[in-house]
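Encoded as structure tokens, the structure appears first; notes follow it.
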Amino acid sequence: MASNVTDFTHDFAILNQWVNDESLTYLDNAATAQKPQQVIDALTHFYQHDNANVHRGVHTLAERATEQYEAARGKLQHFINAAEPAEVIFTKGATDGLNLVASTYGEAHVQAGDEIVISIMEHHSNLIPWQQLAIKKHATLKYIGLTADGELDLADAARKITDKTKIVALTHASNVLGTITPLKEVAKIAHQHGAVIVGDGAQAAPHIPVDVQDLNVDFYAFSGHKMMGPTGIGVLYGKRDLLEHTEPYQYGGEMIDFVTRDKSTWTQLPWKFEAGTQNIAGAIGLGAAVDYLESIGMAQVAAHEQHLVNYLLPKLLDLDYLEVYGPHDPAKHTGVIAFNLKGIHPHDVATALDMDGVAVRAGHHCAQPLMKELHQAATARASFYLYNTQADADRLLKAIQEAKEFFSHGSVETK
């Protein structure tokens with residue numbers, strides 16, 4: 001599997017460059033993924049040949065733009081196995097989708113004394129909207145804890161979710177710990193108590209097969225740029241019945257049915273939630289990214305990343321000067337690995353790795369409550385994708401070892 005995926009690196013011209021006199025090893029995929037030439041070409045072709053607004057014109061360009069825009073929606077429906085295209089709403093990204101749910105469904109259904117349940121490892125995008133909703137509504141925000149090895153504590157979830165719970169919002173995969181959560185099991189618990197469940201798929205949809213019907217989530221949000229699509233585009237999935245009975249929170253063109261001086265009615269799904277001119281090119285580019293991923297197969301993408309984690313994680317755990325966060329079992333890990341060089345600030349570590357051409361993330365990763373739980377201010381984070389190779393993992397190991405030498409002795413060995 002690894003050799004087959006390695007062949008795809010030629011589609012990513014950006015990876016073929018030098019950084020600080022070293023060939024680039026890009027390991028910041030959890031922040032944003034690189035785009036294959038096929039996605040870039042789809043954007044260019046749209047702007048050069050088909051650029052027009054959608055749904056509003058009868059001229060040829062408008063019809064071509066509309067056809068491509070709605071075709072992209074159909075591709076996303078298939079990608080996550082939504083029941084119908086109307087359950088796929090285009091957004092600016094996962095953050096926008098999660099805020100949409102909080103500001104519409106949450107605003108209508110959460111009252112004083114109700115409960116909202118999330119986990120301690122949530123990205124701020126799936127924490128702050130619920131935190132602010134709870135404050136506004138005088139509801140209680142509860143956090144599901146973690147087990148000792150960094151997995152979601154399912155027993156604690158069963159305790160925290162009660163008949164007072166109206167919404168459970170949970171990451172499908174942690175952007176720090178690399179933990180895949182038992183989203184389907186938590187959805188079952190939530191539904192037993194009459195609550196809806198919202199999945200944050202930003203770190204899952206690009207890396208593992210996602211079937212929203214099998215997961216039985218009520219809402220599910222993810223971003224295009226993390227799955228090799230353009231920035232500024234994402235998807236919110238919602239079950240039709242819930243979307244039908246949820247009011248929009250943005251108004252204007254495209255989302256209306258009939259307008260008088262005194263009142264307005266809304267058009268049908270999904271356009272009810274897509275006010276104004278949408279990111280048409282972004283949606284088309286995201287459709288091209290889906291085509292690319294499905295030409296490989298999401299099971300194969302997941303297997304390739306698992307191969308890299310199986311190879312790398314034990315080697316990192318063997319370094320006594322490194323602290324690694326999240327599950328130590330590679331089988332319970334995505335391609336996200338957070339670590340710290342003991343005694344060295346992660347920003348300094350990331351800078352040292354960058355001098356070796358290895359791009360990683362450093363900081364709190366928009367997960368400050370989790371950092372507090374880990375007793376850390378920040379971590380370094382390497383994150384892999386389908387175009388990364390075992391050689392990239394080796395380069396990371398070498399760069400970490402050289403960083404250790406530098407911080408220990410003030411110099412590194414001559415290359």
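All of these numbers come straight from a predicted model, not from anything done at the bench.
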For Ile197, is there any backbone N or O sitting under 3.5 Å from a side-chain donor or acceptor partner on Asp218?
yes
Centroid separation Phe339 to Tyr325 less than 6.0 Å:
no
More than 12 heavy atoms from other groups under 6.0 Å of CG on Asp318:
yes
Check: Gly150 main-chain N/O paired with Thr179 side-chain donor or acceptor under 3.5 Å:
yes
Check: Asp50/Gln68 side-chain N/O donor and acceptor closer than 3.5 Å
yes
Taking atom types as modelled, find out whether Ser174 and Gln203 have a side-chain donor-acceptor pair closer than 3.5 angstrom.
no
Ignoring hydrogens and angles, state whether a donor on the side chain of Asn126 or Asp200 is under 3.5 Å from an acceptor on the partner side chain.
no
Do side-chain atoms of Ser223 reach the backbone of Ala202 as a donor and acceptor pair under 3.5 angstrom?
no
salt_bridge(Arg56, Glu254) N-O dist < 4.0 Å:
yes
Is it true that Glu84 and Lys239 make a salt bridge, defined as a side-chain N closer than 4.0 Å to a carboxylate O?
no
Give a yes or no on whether a salt bridge exists between Glu151 and Lys332, defined as a side-chain N under 4.0 angstrom from a carboxylate O.
yes
Report the C-alpha separation of Glu185 and Lys188 in whole Å, then their side-chain angles, then the decisive distance to 0.1 Å, and conclude whether the salt bridge (charged side-chain N to carboxylate O under 4.0 Å, His left out) test is met.
CA-CA 5 Å; Glu185 289 82 351; Lys188 183 177 180 180; over 6 Å; no
Modelled atom types, side-chain donor and acceptor of Asp356 and Asn20, under 3.5 Å
no
Can you tell whether the side chains of Lys137 and Glu107 come within less than 4.0 Å, N to carboxylate O?
yes
Does NE2 belonging to His328 count more than 12 external heavy atoms closer than 6.0 Å?
yes
Determine whether a donor-acceptor pair (N or O, by modelled atom type, separation under 3.5 Å) exists between the side chain of Lys75 and the backbone of Ala288.
no
Does a salt bridge link Lys342 with Asp320, judged by any charged N lying under 4.0 Å from a carboxylate O?
no
Could you tell me whether His364 and His124 have their ring centroids closer than 6.0 angstrom?
yes
Full working for salt bridge (charged side-chain N to carboxylate O under 4.0 Å, His left out) between Arg395 and Glu402:
CA-CA 10 Å; Arg395 288 198 66 200; Glu402 291 185 352; over 6 Å; no
Is the distance between the ring centroids of Tyr387 and Phe8 less than 6.0 Å?
no
Return yes if some donor-acceptor pair links the side-chain N/O of Lys142 with the main-chain N/O of Lys160 below 3.5 Å, else return no.
yes
Under 4.0 Å between a side-chain nitrogen and a carboxylate oxygen: does that hold for Lys398 and Asp394?
no
Looking at the rings of Phe90 and Tyr69, which for Trp means the six-membered one, are their centres under 6.0 Å apart?
yes
When the ring centroid of His207 is compared with that of Tyr385, is the distance short of 6.0 Å?
yes
For residues Asp114 and His138, is any side-chain donor paired with an opposing acceptor at under 3.5 Å?
no
More than 12 heavy atoms from other groups under 6.0 Å of CZ on Arg361
no
Intermediate values then yes/no, ring pair (Phe, Tyr, Trp, His ring centres under 6.0 Å), Tyr237 and Phe219:
CA-CA 5 Å; Tyr237 158 81; Phe219 298 98; 8.0 Å; no
His193-Thr165 side chain donor-acceptor pair, cut-off 3.5 Å
no
Heavy atoms of other groups near Lys184 NZ, more than 12 under 6.0 Å:
no
